[in-house]
Number of protein chains: 2
Amino acid sequence: MNSSGSTKERILAAAEVLFAQRGFDGASLRQLTAAAGVNLAAVNYHFGSKEKLVEQVFRRRLDALNASRLAALSRIAGAPDTSVEDVLDAYIRPALDLSHDGSGSLFMRVLARAFAEHDDTLRQFLSANYGHVMRQFTAEFARLLPQLSKPELYWRIDLVTGALTHAMSGFGMIQRKSDVSEHAHREQTAQHLIRFAAAGLSHP
Amino acid sequence: MNSSGSTKERILAAAEVLFAQRGFDGASLRQLTAAAGVNLAAVNYHFGSKEKLVEQVFRRRLDALNASRLAALSRIAGAPDTSVEDVLDAYIRPALDLSHDGSGSLFMRVLARAFAEHDDTLRQFLSANYGHVMRQFTAEFARLLPQLSKPELYWRIDLVTGALTHAMSGFGMIQRKSDVSEHAHREQTAQHLIRFAAAGLSHP
DNA sequence: GTCTATATTCCGATAGAC
DNA sequence: GTCTATCGGAATATAGAC
C-alpha cells in the first residue's frame with residue numbers, strides 16, 4: 001500500500017524532503033517519484049514541469065505560514081504595550097509550529113536553500129506572493145523603533161533575517177542533545193533567536 | 001588569446017564564478033571549461049574530479065582568508081583593552097578585503113552555498129582544515145564575555161555566523177546605491193555587521 | 001489518471017592521438 | 001599538457017496504450 005494522501009500530495013511531501021536534503025538541482029524526478037511511490041510521469045502530468053513543482057512546494061507551506069504570521073501580527077500591531085520581542089515572536093512562532101508537524105521542519109531548509117540559490121525566477125515569485133508580509137512586519141518595527149532611520153532599520157532587519165534563516169534551517173553548529181526533546185529544543189531556539197534579534201534591532 | 005594565468009588558475013577562477021551563480025550541481029564542467037577557455041578534459045587532468053575541484057576552490061581562498069583572520073586576532077587576543085567589536089573586526093575585515101580583489105566577492109556566495117548544502121563531505125573538509133580558526137575566536141569571545149555560559153555563548157556565535165554569512169554573501173534585500181562606491185558600501189556593511197553582532201553577543 | 005517506452009539532451013569521466 | 005572523440009549513464013520531458 002502506498003502512503004496516505006493523493007498522488008499530488010505524496011509528490012509534494014517527497015519533494016520537500018528531497019529538496020531539503022539534496023537541493024533543487026540535486027534531487028532528480030526519478031528519486032522523487034520513487035520516494036513518493038508514484039510513476040515517473042506523474043510529476044509532469046500533475047505539475048507540468050519540475051520548476052512548477054518547486055513553486056508548489058513553496059506555496060503549500062508559505063500560504064499557511066504567512067497567514068499565521070499576519071494573524072499573530074494583527075493581534076499586537078499598534079498596541080501601546082507591544083514590544084519588539086512580541087513582533088519577533090509573531091514572525092518566528094508560526095515557523096516553529098510548522099516544524100512540529102511531521103516533515104515540516106525540513107521546509108525551513110528548503111527556504112534557506114532558496115535564499116542561497118539567488119535564482120531570480122524564484123525570488124520574484126516569493127517577493128510577488130509574500131512580500132507584503134515582510135512589509136507589514138517592517139512597518140511595525142518602524143513604529144516601535146522610531147529612533148532608527150529607514151536605512152538603518154532595513155540593515156538591521158536584513159541581518160535578523162540572516163540569523164533567523166540560519167537558525168531555523170538548523171544548519172548551525174549546535175546539535176540537539178539527546179536528553180532534550182525536539183519540542184523543548186525548538187522552544188529554546190525560539191527564545192535565543194528572539195532575544196538575540198531584539199538586541200540587534202534595538203541597540204543604540 | 002586566453003585570459004591571464006595558468007590553466008589551473010583559470011579553471012579555479014571560472015569555477016568560483018559559476019559555483020557562486022549556479023551552485024555546485026548547477027554548474028557543469030562544460031560551462032566551466034568553456035568560461036575558462038580551456039579544454040573539457042583539463043579539469044580531470046589537473047584536479048582528478050569535479051569534487052576535488054570544489055575542494056581546491058575553497059582552499060585557494062580560505063587558506064589566506066583564515067591566516068589573515070588569525071593574524072588579526074593574535075594582535076589583540078588577551079589584551080586588556082580589547083573589545084568584542086575588535087574581535088568581530090578581526091574576523092570580518094579579512095573577508096571584506098577579499099571582496100576588493102576581482103571576483104573574490106563571489107567567493108562569499110560560494111561559502112554561503114556550502115552552508116546551505118549540508119553536504120557531509122564538504123562540512124568535514126571545512127571543519128578539519130579550518131575548525132581551529134573558529135575555536136580560537138570562540139576562546140577570545142569567552143574571555144571577553146565571562147558572564148555567558150558555554151552553551152549560551154555557542155548559541156550566540158551561531159546566530160552571528162548566520163547574520164554574517166547572509167550579509168557577506170550579499171543576498172540581503174539592501175542594494176548598493178549607485179552613488180556609493182563599492183568600497184564605501186563594503187565598509188558600511190562591516191560597520192553595521194560589527195555593531196549588530198556585538199549587540200547580539202553582549203546583551204544581558 | 002496511471003503506466004511503459006522512448007525521445008532528446010546533458011552529464012562526468014576517460015582513452016588515446018598529438 | 002592539450003586535444004578530439006566517445007563511453008556509459010542519468011536527466012527532463014513526452015507520446016501513446018490502457
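Protein chains get the first letters and strands the later ones, always in sequence-line order, with residue 1 at the start of each.
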### Task
Mark yes or no for whether B:H166, through its side chain, and B:G162, through its backbone, hold a donor-acceptor pair below 3.5 Å.
no

### Side chain of A:A41 (C-beta onward), nearest among D:dT4, C:dC3, C:dA13
C:dC3

### Between D:dT14 (C1') and A:F47 (CZ): distance, integer Å
18 Å

### Phosphate OP1/OP2 of C:dC10: any B:S28 side-chain N/O under 4.0 Å
no

### Task
Ignoring the backbone of B:R30, work out which of C:dT4, C:dG12, D:dC3 is nearest its side chain.
C:dG12

### Task
Please confirm whether the backbone N or O of A:G23 pairs with a side-chain atom of A:R109, one donor and one acceptor, at under 3.5 Å?
no

### Task
Measure from the side chain of B:H46, starting at C-beta and using heavy atoms only, and say which of D:dT4, D:dA11, D:dT2 lies closest.
D:dT2

### Query
Which residue, B:L40 or A:L29, contacts DNA chain D at a nucleotide closer to its 5' end, judged by nearest heavy atom?
B:L40

### Task
Would you check if the side chain of B:S127 reaches a backbone N or O of B:R123 as a donor-acceptor pair within less than 3.5 Å?
no

### Message
On the nucleotide D:dA13, are OP1 or OP2 found under 4.0 Å from the side-chain N or O atoms that A:N44 carries?
### Response
yes

### Query
Nearest heavy-atom pair of A:N44 and A:S49: which atoms, and what distance?
OD1-CA, 3.7 Å

### Rounded distance (Å) that lies between atom P of D:dA11 and atom CZ of A:R22
10 Å

#### Entry: B:L32 CG to C:dG12 C1', straight-line distance once rounded to whole Å
12 Å

### Query
Considering only side-chain heavy atoms of B:Y45, which listed nucleotide, C:dG12, D:dT4, D:dG1, is closest?
D:dG1

### Non-hydrogen atoms of A:R69 and A:A95 that approach each other most closely
NH2-CB, 3.9 Å

### Query
When the distance from CG of A:L53 to P of D:dA11 is rounded to whole Å, what number comes out?
15 Å

### Query
Rounded to the Å, how far apart are B:K8 NZ and D:dT2 C1'?
16 Å

### Query
Is any side-chain N or O of A:N39 closer than 4.0 Å to OP1 or OP2 of C:dT4?
yes

#### Entry: Nearest-angstrom distance from the residue atom CD1 of B:I11 to C1' of D:dT2
11 Å

### Query
A:T7 side chain N/O closer than 4.0 Å to the phosphate oxygens (OP1, OP2) of C:dG1?
no

### Task
Give the rounded distance in Å between these two atoms: CD of B:E9 and P of D:dG1.
15 Å

### Message
Expressed as a whole number of angstroms, how long is the span from B:F24:CZ to C:dG12:P?
### Response
14 Å

### N or O in side chain of B:S49 less than 4.0 angstrom from C:dG12 OP1/OP2
no

